[in-house]
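Have a look at the structure below, then the notes.
Positions are given from 1, in the same order as the sequence printed here.
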Amino acid sequence: RLFVAQVEDGELPELALVPPLAPALTALGQLRASVRLRWLAARTRDALVRRVSVQASVDCLAPSATEFGLYYWVARAAVRRWRPRAFVTLYEGHGWEKCAWAGAKAADRDCLTVGYQHTVVFPHAISLLRPQLDHPVPAVPDVVACTGDRTRDMLGPGHAGTRARLLTLGTFRRAGGVKPGRPRPGRRTVLVVPEGYLDEEQILFEAALRVAPALPDHHFILRCHPVLPFDRVRPLLAHAPEDLPNVEVSAVAAIEDDYARASVVLYRGSSSVLYAVVDGLKPIYWHHPHRHDIDPLFELTTWRERVGSPGELAEVARRYAAAG
């Protein structure tokens with residue numbers, strides 16, 4: 001993750017804002033936390049607390065924890081240098097967000113911290129729905145900008161009594177005034193939209209490649225997440241998409257153009273399914289037996305289908321195509 005700050009002569013990499021001694025100080029804090037957690041594990045009689053403490057003592061030494069901690073220094077330096085009236089981050093419940101808010105406030109208590117809740121809020125997103133409020137590090141920003149009224153309502157109870165002000169901002173992913181699309185089952189085209197993780201791309205692309213030979217009258221569009229081009233996931237696939245005449249890897253820049261070509265969207269955790277549904281595509285969720293459900297449409301009781309095998313996917317696709 002690399003964010004940049006706009007300056008007069010171009011862009012400044014965020015790590016350039018980190019003081020030379022900050023990584024060492026951050027690592028020292030991690031070590032102290034790990035030792036403290038080990039001490040707690042050795043003295044508790046509660047088996048669950050002991051297991052959690054031991055695991056946390058290992059996890060807090062991870063390089064990602066160091067990276068998250070450095071956002072405190074990045075935000076502090078940025079606010080001290082440019083004196084902004086507001087410091088804006090994403091709001092997904094990640095640790096780096098809290099570190100950044102703390103850094104911004106350390107530099108200027110009057111600087112407004114704003115978190116943009118830009119994507120799906122899952123029921124298991126505890127750090128968003130029930131943020132920890134008895135901790136010295138700010139668990140919530142001053143303002144939470146939500147994608148819609150529904151997500152604002154979901155976040156409301158957990159943020160009640162905090163300093164946070166919730167407002168509906170909307171989404172940057174869909175232009176205003178765009179009309180919803182109509183279902184088009186006769187198009188017989190499945191758009192596959194994984195999240196930006198290699199294992200998730202592998203799971204969904206393999207599912208599509210396994211079912212494509214059984215549906216020769218259907219076309220499959222494999223659309224990679226922007227952060228993971230196809231050449232990254234191709235070595236992990238057991239089946240070759242280039243050997244299947246009804247499979248293509250999308251080279252279209254705008255996902256809306258792929259929506260326009262498709263009738264069905266195959267997905268797992270990608271929030272792009274929300275906009276695919278608005279465009280008229282029928283959503284089919286791929287359930288993996290050894291992974292948690294990460295369905296952004298978890299509140300939907302109709303229209304969406306859930307499948308867990310190539311046979312089930314083929315049957316649902318055939319049935320839907322016949323409706324057109």
Side-chain angles (χ1 to χ4, degrees), residues 1 33 46 48-49 51-53 55-56 59-60 64-65 68-69 71-72 75 85-106 109-174 176 195-196 267-278 283 285 287 291-304 306:
R1 185 188 297 108
D46 189 308
L48 178 60
V49 172
R51 290 197 301 270
V52 171
S53 298
Q55 185 62 52
D59 291 346
C60 73
S64 59
F68 286 179
Y71 280 92
Y72 169 88
R85 297 179 61 185
F87 186 88
V88 184
T89 71
L90 301 178
Y91 190 25
E92 299 178 273
H94 294 307
W96 72 264
E97 299 162 353
K98 298 175 177 62
C99 293
W101 302 331
K105 289 298 185 181
R109 297 297 301 177
D110 294 328
C111 179
L112 198 69
T113 53
V114 181
Y116 179 30
Q117 176 273 307
H118 70 103
T119 187
V120 180
V121 177
F122 290 103
H124 56 261
I126 303 302
S127 58
L128 281 179
L129 297 175
R130 296 198 297 274
Q132 185 180 1
L133 304 178
D134 58 349
H135 195 276
V137 176
V140 296
D142 296 320
V143 177
V144 179
C146 303
T147 52
D149 293 339
R150 176 59 188 141
T151 52
R152 186 182 64 184
D153 292 343
M154 293 175 69
L155 297 182
H159 291 71
T162 71
R163 67 168 183 269
R165 180 165 61 95
L166 276 62
L167 56 86
T168 299
L169 177 66
T171 178
F172 64 91
R173 302 188 186 192
R174 188 174 178 87
E195 292 180 280
Y267 72 102
R268 274 180 51 77
S270 175
S271 59
S272 62
V273 68
L274 301 173
Y275 309 98
V277 170
V278 173
Y285 177 81
H287 170 72
R291 290 177 177 254
H292 293 297
D293 272 343
I294 51 174
D295 187 356
L297 301 178
F298 64 91
E299 293 186 298
L300 199 63
T301 58
T302 60
W303 185 233
R304 176 205 57 201
R306 292 169 60 90

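- Taking the six-membered ring for Trp and thresholds of 30 and 60 degrees, His159 and Tyr91 have ring planes more than 60 degrees apart, a perpendicular arrangement.
- Ring pair Trp96/Tyr71 is tilted by interplanar angle, where 30° to 60° counts as tilted.
- With a 4.5 Å cut-off on side-chain heavy atoms, Pro283 and Tyr267 count as touching.
- The heavy-atom pair separating Ala145 from Tyr116 by the smallest distance is O-CD1, 3.3 Å.
- Inter-residue side-chain proximity for Pro296 and Phe122 is flagged as met; some heavy-atom pair is nearer than 4.5 Å.
- A 4.5 Å side-chain heavy-atom check between Thr147 and Leu169 finds every atom pair outside the cut-off.
- Rounded to the nearest 0.5 Å, atoms CZ (Arg306) and CG (Leu297) are 10.5 Å apart.
- Side chain of Glu97 to backbone of Gly93: a donor-acceptor contact under 3.5 angstrom is found.
- Listed here is the closest heavy atom pair of Ala75 and Phe87: CB-CZ, 3.5 Å.
- For Tyr275, there are no ring pair (Phe, Tyr, Trp, His ring centres under 6.0 Å) partners, not counting sequence neighbours.
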Starting from the C-alpha separation in whole Å, work towards a yes-or-no answer on salt bridge (Lys or Arg N to Asp or Glu O under 4.0 Å) for Asp153 and Arg150.
CA-CA 5 Å; Asp153 292 343; Arg150 176 59 188 141; 5.1 Å; no
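- Side-chain atoms of Tyr285 come within 3.5 Å of backbone atoms of Ile294 as a donor-acceptor pair (strictly under, hydrogens ignored).
- In this structure, Arg304 contributes its side chain and Glu299 its backbone to no donor-acceptor pair below 3.5 Å.
- Rounded to the nearest 0.5 Å, atoms CZ (Arg152) and CD (Gln117) are 11.5 Å apart.
- Counting heavy atoms from C-beta on, the side chains of Val278 and Leu274 never come closer than 4.5 Å.
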